[in-house]
Amino acid sequence: MVMITQSALDAVADIPDGATVLIGGFGPAGQPVELIEALVETGTRDLTVVNNNAGNGDVGLAALIGAGRVRKVICSFPRQHDSHQFDEKYRAGEIELELVPQGNLAERIRAAGAGIGGFFTPTGYGTPLAEGKEVREIDGRHYVLELPIRADYALVKAHRADEVGNLTYRKTARNFGPIMATAATTTIVQVHEVVPTGAMDPEVVVTPGIYVDRLVVVPTATTPEPEEDQ
Amino acid sequence: MVMITQSALDAVADIPDGATVLIGGFGPAGQPVELIEALVETGTRDLTVVNNNAGNGDVGLAALIGAGRVRKVICSFPRQHDSHQFDEKYRAGEIELELVPQGNLAERIRAAGAGIGGFFTPTGYGTPLAEGKEVREIDGRHYVLELPIRADYALVKAHRADEVGNLTYRKTARNFGPIMATAATTTIVQVHEVVPTGAMDPEVVVTPGIYVDRLVVVPTATTPEPEEDQ
Amino acid sequence: MSSVQTPSTFTEGPTRLGKAELAALVAADIPDGAFVNLGIGQPTLVSNYLAPDSGVTLHTENGMLGMGPEAHGDDVDPDLINAGKIPVTELPGASYFHHADSFAMMRGGHLDICVLGAYQVSARGDLANWHTGEPGAIPAVGGAMDLAIGAKDTFVMMTLTTRDGQSKLVEACTYPLTGVGCVSRIYTDVAVFLIDREGGDGSVVVRETHGVSFEELEALVPVPLRRA
Amino acid sequence: MSSVQTPSTFTEGPTRLGKAELAALVAADIPDGAFVNLGIGQPTLVSNYLAPDSGVTLHTENGMLGMGPEAHGDDVDPDLINAGKIPVTELPGASYFHHADSFAMMRGGHLDICVLGAYQVSARGDLANWHTGEPGAIPAVGGAMDLAIGAKDTFVMMTLTTRDGQSKLVEACTYPLTGVGCVSRIYTDVAVFLIDREGGDGSVVVRETHGVSFEELEALVPVPLRRA
């Protein structure tokens, strides 16, 4: 059942040191900046963070990394022109990096939410990112075995929620939110607004409320300026 | 690119003998009755049909089976109170059955569309339906390896399409349509109506047009009466 | 992780439970706000006894959360059916999704409770409910195997004995299995059993009996029992 | 299965192609109605040369089909960006989907063509385009490996040689691989190459040269070539 919290700080207050946290967003779009900055405020340490990137500029995920709270990043594209917070920590040997091809990252998160124990993917076969992993030829094609990425918490930014936690997203800000919401023990979502139950068309729900544990309304959420990079 | 055909018969005319055909629907809901009955009319034989069930009453899939066109059924729940067409053929040894747990059926179809070579599922572990299949313990849980189900054609019933083939569905008639559309070389969809491109909100598209090859409008599609059974 | 409380101390009731009473008993054990899948047949009756303000959300594996009661008359919509293919209604807060998403929801452990019927359940929680294994019977499994292993808790509702008096709670199932070690509770007309899925000492806990004494139950059931 | 035609006979053009000319050449080879992913950087230019009535649909792997041109001024929406994180627009007939669905679309072979940049491509179509392997460089792969192997055809756009004159078309890649046997065509400033991904005799077909003769090209490139 969904709890609507009064502030981002309330929503993330119990995330303990050492937690694994899925953080939504592809670069700035869909990044739950207010939830992440609340996490900076709580002082939680030794986090393992799963995100497509490793922070942009000095807000949100970049601020969390800059504050030294992240022990390990699992992501596909850490190096960006404005990823200086990560770059410094990485070069100083203060942060661990697990690099995962973007589609495998998405599928591993989905697998965790879907109760799949592992899957054979063609992506990465024959490359350094498959080294040490089991490979198999199936029906004439080569595959690599990849395992699920589960987490203790997911921080997600959606657009609209109803009171039972059904979610819709906006445009390409949808990205990792729907799969991350399924893969964490506790899913915390910031939304632009909460509408009454019954006010959302059941056909257009993207994330059913069963996946949502806590909601916080952030009407004027920060989206960092988009800038070029993969 | 999507072709809008003038009739269901035009849409299915080239399906050859021996084809594997995914047919949408869960019992009557979402069953593309007009497309199936066009397939009865073309006389195509030796089909392998993938559906959740094995036909209800004497229309649609039941008619196709009754006409002796189906060599093999891959499904989760053939035996129903009104599956007499299948029952007769099965008891007479005239039709082959591959029984698959419903969730594995869905996930195997999804895997085919998603380029996944195989996946480990907990469903069916330790049961007769896992006999002969590879099993593995991952992270303390037991799993069975399941492989994708690909097809030559998919016959799907959706609710509305736009001119580039984006689809929406209605209520629980959505069921297998969205995944089957991804898993066939050629996907043929019957819809209630086609709206102009641009008239469908991009946020509510369930099946993107990339998965749709042919559309046919069947404004007054038949949905057999729902009756009790799994 | 189980979302339900492990209750209390052993009780004895005076009379066997009818189907309705049994459904009411199961309903009373479903926590407020739970996400629940009710299997076809007897388990469906449980929905009649869920308090309207309980916030319990029903899942139907053909692709819906927020399923309402059966539809009748003008409310029947052939596109809106449950897993038993019976027309149903939609409650406020409902959502629809495709089959792969629906079974991912189940398999991923997101439902709190699944209530199923059974031919047999073993002392370790193995479930047999899909196939009698009789020669000539056309096998059909549907979502049974996914339901059995998917939810945090799987409850079984059944009569304790077959028509010819055999216990359906057994040391090891003789019918083809639906799932291994998946059942956490068994609700029957004469007793409620709590299964230790970790194995424990191989005995089954009896939470309550109805119309039989603990000793009479021990005589009926071929597995070691102990009182809650 | 390739969706593009294997064309024609060898031609020689008088001058090397500039970036714009190269982009136009690639665009001309994209069939009407194709679903295409244009990689970051030079491949993005291809969109400028697609005829408006071509019915070509652009995919961006962060979750959209039907991507329009870059957004400027008031059209910039921070929730609507491409894979390079540049604000873009939405065309009629667009759709949005989450990351797992987007990469399933790619990995499942539903896109007709993907156009990518490269550090190196081998005669068998191995691609290296994600990492120089230099010590100290922070590795970043993004969707490169998914893009490389997902589409029915993967086209590479690159200059034929490095700044110090080394051919980027090589017998075997020395940079870390992005994908094995995935490239079907290479568009460069001086030639267009067709790769036989099945292996063939190990030679690469030259469809056309620009500003060099076939013999000059043979001297530049350390793999056996033959004319189309």
Side-chain angles (χ1 to χ4, degrees), chain A residues 26-30 52-54 56 75-80 83 86-87 90-91 97 99-107 109-111 113-114 121-130 141-142 159 169-180 206-207 223-230, chain D residues 39-41 44 60-64 67 70-71 76-88 90 94 96-109 126-128 130-131 133 136-150 175-182:
Chain A
F26 175 80
N52 189 64
N53 304 103
N56 301 82
C75 77
S76 86
F77 209 84
R79 185 193 65 227
Q80 300 170 95
S83 61
F86 171 82
D87 297 1
Y90 182 79
R91 294 218 155 91
L97 170 66
L99 192 70
V100 183
Q102 197 170 334
N104 288 355
L105 184 68
E107 191 70 10
I109 295 166
R110 182 209 176 254
T121 172
T123 302
Y125 173 78
T127 77
L129 296 189
R141 196 170 191 195
H142 294 277
H159 181 54
Y169 299 82
R170 255 197 100 241
K171 303 187 184 283
T172 59
R174 185 183 302 198
N175 58 65
F176 282 92
I179 50 174
M180 286 185 170
V206 175
T207 294
T223 303
E225 282 300 297
E227 295 189 77
E228 178 165 12
D229 246 326
Q230 180 149 359
Chain D
I40 291 169
T44 304
T60 181
E61 63 266 30
N62 52 319
M64 181 188 196
M67 178 175 66
E70 276 188 35
V76 170
D77 179 339
D79 286 342
L80 180 46
I81 61 177
N82 67 13
K85 306 199 175 87
I86 298 174
V88 291
E90 168 190 299
Y96 297 102
F97 28 83
H98 63 58
H99 246 73
D101 280 351
S102 185
F103 281 82
M105 189 181 286
M106 203 142 57
R107 197 194 304 112
D126 295 350
L127 172 67
W130 72 282
H131 192 30
I138 299 177
V141 66
M145 291 184 179
D146 304 275
L147 288 160
I149 57 95
Y175 286 125
L177 287 188
T178 308
V180 176
C182 54

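So that the names make sense, note that chain A is the first sequence line, chain B the second, and so on, each numbered from 1.
One finds the CZ atom of A:Arg79 at 8.0 Å from the NE2 atom of D:His131 (value rounded to the nearest 0.5 Å). If you take CG on D:Asp79 and NE2 on A:His159, they are separated by 8.0 Å, rounding to the nearest 0.5 Å. Interatomic distance, A:Asn104 CG to D:Asp146 CG, rounded to the nearest 0.5 Å: 5.5 Å. How far CD of D:Glu61 is from CD of A:Gln102: 5.5 Å, rounded to the nearest 0.5 Å. The distance from the CE atom of D:Met145 to the OG1 atom of A:Thr121 is 11.0 Å, given to the nearest 0.5 Å. Within the model, atoms CG of A:Leu99 and CH2 of D:Trp130 stand 5.5 Å from one another, a figure rounded to the nearest 0.5 Å.
In this structure, chain D has no heavy atom under 4.5 Å from any part of A:Tyr169. With a 4.5 Å cut-off on non-hydrogen atoms, A:Phe176 touches chain D through its backbone and its side chain both. For A:Arg110, the part lying under 4.5 angstrom from a heavy atom of chain D is the side chain only. With a 4.5 Å cut-off on non-hydrogen atoms, D:Tyr96 touches chain A through its backbone and its side chain both. Of the two parts of A:Leu105, neither the backbone nor the side chain holds a non-hydrogen atom closer than 4.5 Å to a non-hydrogen atom of chain D. Within the 4.5 angstrom heavy-atom criterion, only backbone atoms of D:Thr178 (N, CA, C, O) approach chain A.
Contact annotation: the side chain of D:Ile81 never approaches that of A:Lys171 to less than 4.5 Å [non-hydrogen atoms, C-beta and beyond]. Between D:Lys85 and A:Phe26, the closest side-chain pair of non-hydrogen atoms falls below 4.5 Å. Using a 4.5 Å cut-off on side-chain heavy atoms (C-beta onward), D:Ile138 and A:Phe86 make contact.
Taking all atoms of both residues into account, the shortest heavy-atom contact from D:Gly136 to A:Arg91 is O-NH2, 3.3 Å. In this structure, D:His98 and A:Asn175 approach most closely via the heavy-atom pair CB-O, 3.3 Å.
Listed options A:Thr172, A:Val206, A:Val100 were ranked by heavy-atom pairs under 4.5 angstrom with chain D; first place goes to A:Thr172. Note on A:Gly177, A:Ala54, A:Cys75, A:Pro122: by heavy-atom pairs under 4.5 Å with chain D, the leading option is A:Pro122. Annotation: maximal heavy-atom pairing with chain D below 4.5 Å, among A:Gly103, A:Pro128, A:Ala106, occurs at A:Gly103. Note: D:Pro139 leads D:Pro139, D:Ala148, D:Pro176, D:Gly179 in heavy-atom pairs under 4.5 Å with chain A. Interface remark: of the candidates A:Ile179, A:Leu129, A:Ile109, A:Leu129 forms the most heavy-atom pairs closer than 4.5 Å to chain D.
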Practice problem: Report the C-alpha distance between A:His142 and D:Val180 in whole Å, list the side-chain angles of each, state the deciding distance to 0.1 Å, and finish with yes or no for side chain to side chain contact (heavy atoms under 4.5 Å, CB included). | Solution: CA-CA 10 Å; A:His142 294 277; D:Val180 176; over 6 Å; no
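The backbone N or O of D:Gly63 lies less than 3.5 Å from no partner atom in the side chain of A:Arg174, so there is not a single donor-acceptor pair.
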